[in-house]
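Structure record follows, encoded as structure tokens.
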Amino acid sequence: MFRSRRLVVFVGVVLAGALLQAFAGPGGISRFLGVSAASYFLTLLVLAVVAALFAPSAGPVSDHHEADDSWPGGSSEFLCDTCRYNDVRDCHRTERPNATSCEDYRRR
Ligand code: SF4
């Protein structure tokens with residue numbers, strides 16, 4: 001679904017902040033904090049960018065294939081689960097379906 005953890009973190013922080021503003025009563029959370037709504041959202045965007053920058057990116061699975069930076073789609077530790085050749089007719093490697101390193105890997 002999402003191809004970047006950083007995007008997920010950014011959207012999550014902005015969404016959480018917007019929900020706080022929308023449902024924290026009259027004036028929202030910004031009124032509770034004693035700041036204007038514009039200042040609140042500007043600060044929220046800055047925090048979201050900082051949080052996204054510090055979010056862990058998916059590490060490379062191997063040096064010989066495309067890095068899998070999807071999340072949470074990268075729930076499997078095996079490359080074959082996301083490989084376009086993951087079929088007995090297409091791949092005759094003995095590592096299939098549990099390859100953790102493969103030079104023929106191609107993402108679906
Ligand atoms: S090519 Fe490699 S990664 Fe793809 S299915 Fe075969 S063994 Fe798995």
Side-chain angles (χ1 to χ4, degrees):
M1 186 171 166
F2 290 107
R3 294 197 47 88
S4 167
R5 289 183 188 183
R6 290 182 171 151
L7 179 61
V8 171
V9 169
F10 178 81
V11 171
V13 170
V14 170
L15 191 60
L19 288 174
L20 273 175
Q21 176 66 9
F23 295 109
I29 192 76
S30 63
R31 184 174 182 191
F32 176 76
L33 296 173
V35 296
S36 69
S39 297
Y40 172 77
F41 279 110
L42 185 61
T43 305
L44 181 64
L45 286 177
V46 171
L47 286 175
V49 168
V50 170
L53 288 177
F54 282 97
S57 58
V61 181
S62 169
D63 293 334
H64 302 292
H65 64 271
E66 303 166 16
D68 180 10
D69 61 348
S70 65
W71 184 83
S75 60
S76 173
E77 62 185 298
F78 302 114
L79 293 172
C80 302
D81 293 339
T82 58
C83 179
R84 76 171 62 154
Y85 305 125
N86 189 14
D87 188 288
V88 69
R89 295 167 293 186
D90 301 328
C91 175
H92 300 289
R93 288 181 163 265
T94 57
E95 303 97 306
R96 199 191 70 80
N98 299 324
T100 56
S101 174
C102 181
E103 293 183 8
D104 294 332
Y105 173 83
R106 293 293 176 271
R107 189 170 182 84
R108 269 188 253 165

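Counting starts at 1 for both ligands and their atoms, following the listed order. For clarity, every value in this text was computed on a predicted model and none was experimentally measured.
Here R93 contributes atom CZ and L79 contributes atom CG; the two are 10.5 Å apart, rounded to the nearest 0.5 Å.
The contact set between ligand 1 and Y105, taken as ligand atoms under 4.0 Å from a residue heavy atom, comprises 3 (S). For ligand 1 and R93, the ligand atoms under 4.0 Å from any heavy atom of the residue are 2 (Fe), 7 (S). Close approach of ligand 1 to N86 (heavy-atom distance below 4.0 Å) involves ligand atoms 5 (S). Those atoms of ligand 1 that come under 4.0 Å of a heavy atom in Y85, given as number and element, are 5 (S).
C91 lies close to atom 6 (Fe) of ligand 1, since one of its N, O or S atoms is found at a distance under 2.8 Å. Look at C102 and atom 2 (Fe) of ligand 1: an N/O/S atom of the residue is under 2.8 Å from the metal.
When all heavy atoms are compared, the tightest approach of Y85 to D90 is O-CB, 3.7 Å. Across N86 and R108, no two heavy atoms sit closer than the pair ND2-NH2, 4.5 Å. Looking at every heavy atom in both residues, V14 comes nearest to A48 through CG2-CB, 3.6 Å. Contact record, V13 with L47: CG1-C, 4.4 Å, taken as the closest heavy-atom pair.
No side-chain heavy atom of T100 sits less than 4.5 Å from a side-chain heavy atom of E95.
The nearest protein atom to atom 8 (Fe) of ligand 1, hydrogens excluded, is given as C80 SG, 2.3 Å; this is a heavy-atom distance. Distance from atom 4 (Fe) of ligand 1 to its nearest protein heavy atom, with residue and atom name: C83 SG, 2.4 Å.
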